[in-house]
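Below you'll find the structure, written out as structure tokens, and then a few comments.
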Amino acid sequence: MELMEMNKSFQGRDFLSLYDYTPEEIHYLIDLAIDLKYKQKKGIPHPYLAGKTLGMIFQKSSTRTRVSFEVGMYQLGGMALFLSSNDLQIGRGEPVKDTARVLSRYLDGIMIRTFSHDEVLELAQYADIPVINGLTDLLHPCQVLADLMTIKEHKGQLAGLKLAYVGDGNNMAHSLMYGGAKMGMDVVIASPAGYVPDETVTRQSTAVATETGGSISITGNIEEAVKDADVIYTDVWASMGQEEEAAERKKAFAAYQVNNELLKMAKSDVIVLHCLPAHRGEEITDEVIEGPHSVVFDEAENRLHAQKAIMALLMA
Ligand code: CP
Ligand code: NVA
């Protein structure tokens, strides 16, 4: 089937969590992202969103998300508006449900990065245009779509691969659990006590994995997690909004570092991913990020292509 033909099933939907999409739909998004990457590199125009506008609400900092969404809209023939919550009336207390209905009268889609996942759910409930989750404290689904695309490009497949995530049971861990389970991967999360993933995400992703032939496991044993892994993933020990806990977290996560010693326990062709920004010398060493197993800059690039696929399908 020609890519873009399946787009009717995506039109007008929100992209809040990979849990809301079927394995077939996620495969389709990845394949469209790969197609759009090819078109962009070959200079083949693909103005699927000509004349459309995306509003981008940011309550937290961003390099990749902001730039890739803005550039992506431009490449699709549309435009993007950067809306800092410092400037929006939402920052002065205007209700989310009013903001949602007002913005729906001007825009064709909203991307939001904020703290509370419930706030994004409320925005999506009241908006009658697609809402895309650009990161909450709970989830980061756009990042994981780009991660799955990157793994597929490097490994040629997703199902049956072992992905070991080393570190905090945070938004990245949660979205990797949902995305990995949907793709039939074996996802192992190695986190210290007190920092394990959310119970609902664990229960739901485990149920999904049962259907797809994948698996979800959570352990405190880092060596067991990375043994024979095809993919190793890590993220910062203290996420945005947790700056005050940084010292305490440094102690709790001291052993949870992706370094060359740890890589030796994985498969010899293991690839290493990190959503970035990275704290070299904490969750990952400089030699691993700069080393032959690292695909972190392909991964960062793929944010652009993966999000173009999301926007093209939802906002067309
Ligand atoms: N990985 C990621 O979302 O990066 P930014 O915080 O720079 O957007
Ligand atoms: N867990 C990190 C991801 C940043 C892209 C954070 O939320 O800060």
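Ring centroids of Tyr256 and Tyr195 are separated by 6.0 Å or more, keeping the two rings apart.
Judged purely by atom type and a 3.5 angstrom limit, Asp228 has no side-chain atom pairing as donor or acceptor with the backbone of Ala266. At least one donor-acceptor pair closer than 3.5 Å links the side chain of Thr99 to the backbone N or O of Pro95. Judged purely by atom type and a 3.5 angstrom limit, Asn302 has no side-chain atom pairing as donor or acceptor with the backbone of His305. Put simply, the side chain of His154 never gets that close to the backbone of Lys152: no donor and acceptor are under 3.5 Å apart. With hydrogens and angles ignored, the 3.5 Å screen pairs no side-chain donor or acceptor of Glu283 with any backbone N or O of Thr234. Between the side chain of Glu248 and the main chain of Glu245, no donor-acceptor pair closer than 3.5 Å is present. With hydrogens and angles ignored, the 3.5 Å screen pairs a side-chain donor or acceptor of His174 with a backbone N or O of Leu138. Without hydrogens or angle criteria, Asp186 side chain to Lys162 main chain gives no donor-acceptor distance under 3.5 Å. At distances below 3.5 Å, at least one donor-acceptor pair connects side-chain atoms of Ser294 with backbone N or O atoms of Ile289. Judged purely by atom type and a 3.5 angstrom limit, Thr206 uses its side chain to pair as donor or acceptor with the backbone of Thr202.
Defined by atom type and a distance below 3.5 Å, a donor-acceptor pair is missing between the side-chain atoms of Thr150 and Asp298. If you check the side chains of Glu261 and Asn259, you find no donor sitting under 3.5 Å from an acceptor. Side-chain contact annotation: Asn170 with Asp235, donor-acceptor N/O pair under 3.5 Å present. Side-chain contact of Thr285 with Arg280: a donor-acceptor pair under 3.5 Å is absent, judged by distance alone. Between the side chains of Tyr178 and Asp20, no donor N or O sits under 3.5 Å from an acceptor N or O. No hydrogens or angles considered: a donor-acceptor pair under 3.5 Å links the side chains of Gln75 and Lys308.
Linking Ile, Leu, Val, Met, Phe, Trp and Tyr residues whenever their side-chain heavy atoms come within less than 4.5 Å places Leu18 and Ile30 in a single cluster. Both Val208 and Ile189 belong to a common hydrophobic cluster when Ile, Leu, Val, Met, Phe, Trp and Tyr are linked at side-chain heavy-atom distances under 4.5 angstrom. Met149 and Val272 fall into different hydrophobic clusters, where Ile, Leu, Val, Met, Phe, Trp and Tyr are joined by side-chain heavy atoms under 4.5 Å apart, directly or via other members. Clustering ILVMFWY residues whenever any of their side-chain heavy atoms sit less than 4.5 angstrom apart, transitively, puts Ile284 in a cluster other than the one holding Val188.
Shortest non-hydrogen contact noted between Ser116 and Asp137 is N-OD2, 4.5 Å. The shortest heavy-atom contact between Pro130 and Asp108 is CD-O, 3.4 Å. Heavy atoms only, all atoms of each residue included: Gly184 and Thr212 are closest at CA-OG1, 3.5 Å. Nearest approach of Phe115 to Gly241, heavy atoms of both residues: CE2-CA, 4.0 Å. Across every non-hydrogen atom of Cys275 and Gln143, the tightest pair is CB-CD, 3.5 Å.
Aromatic ring pairs are classed by plane angle as parallel below 30°, tilted from 30° to 60° and perpendicular above 60°; the pair Phe15 and Tyr21 is tilted.
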field: CA sep, side-chain torsions, deciding dist, call: Glu223, Lys227, salt bridge (Lys or Arg N to Asp or Glu O under 4.0 Å)
entry: CA-CA 6 Å; Glu223 286 78 17; Lys227 187 174 182 299; over 6 Å; no

task: Run the numbers on Gln59 and Arg113 for side-chain hydrogen bond (donor to acceptor under 3.5 Å, both in side chains), then give the verdict.
output: CA-CA 6 Å; Gln59 305 214 27; Arg113 165 169 287 197; over 6 Å; no

task: For salt bridge (Lys or Arg N to Asp or Glu O under 4.0 Å), just list the numbers for Arg13 and Glu25, CA-CA rounded to whole Å, side-chain angles, deciding distance to a tenth of an Å, and then say yes or no.
output: CA-CA 12 Å; Arg13 284 170 70 184; Glu25 287 170 338; 2.8 Å; yes

message: salt bridge (Lys or Arg N to Asp or Glu O under 4.0 Å), that's the test. Do Glu301 and Lys41 meet it? Break it down for me.
response: CA-CA 12 Å; Glu301 174 186 339; Lys41 291 194 185 291; 2.9 Å; yes

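Looking at heavy atoms from C-beta onward, Leu262 lies out of side-chain contact with Val288 at the 4.5 angstrom threshold. Taking 4.5 Å as the limit, every side-chain heavy atom of Pro47 sits out of range of all side-chain heavy atoms of Leu76. A 4.5 Å side-chain heavy-atom check between Asp230 and Val270 finds every atom pair outside the cut-off.
In this structure, the separation between OH on Tyr19 and OG on Ser205 is 9.0 Å, given to the nearest 0.5 Å. We find the CE-CG distance between Met185 and Leu161 to be 5.0 Å, quoted to the nearest 0.5 Å.
Heavy atoms of other residues, nucleotides or ligands lying less than 6.0 angstrom from CZ of Phe82 number more than 12. No more than 12 heavy atoms of other residues, nucleotides or ligands lie within 6.0 Å of CD in Glu244, so this atom counts as exposed by the packing criterion. Counted within 6.0 Å of NZ on Lys155, heavy atoms from surrounding residues, nucleotides or ligands total more than 12; the atom is thus considered enclosed.
Using a 4.0 Å cut-off between a side-chain N of Lys or Arg and a carboxylate O of Asp or Glu, Glu199 and Arg203 do not qualify as a salt bridge. In this structure, Lys250 pairs ionically with Glu282, as a charged nitrogen and a carboxylate oxygen lie closer than 4.0 Å.
Each of Leu49, Leu54, Thr53 was scored for a side chain to side chain contact (heavy atoms under 4.5 Å, CB included) with Met79, with one residue passing: Thr53.
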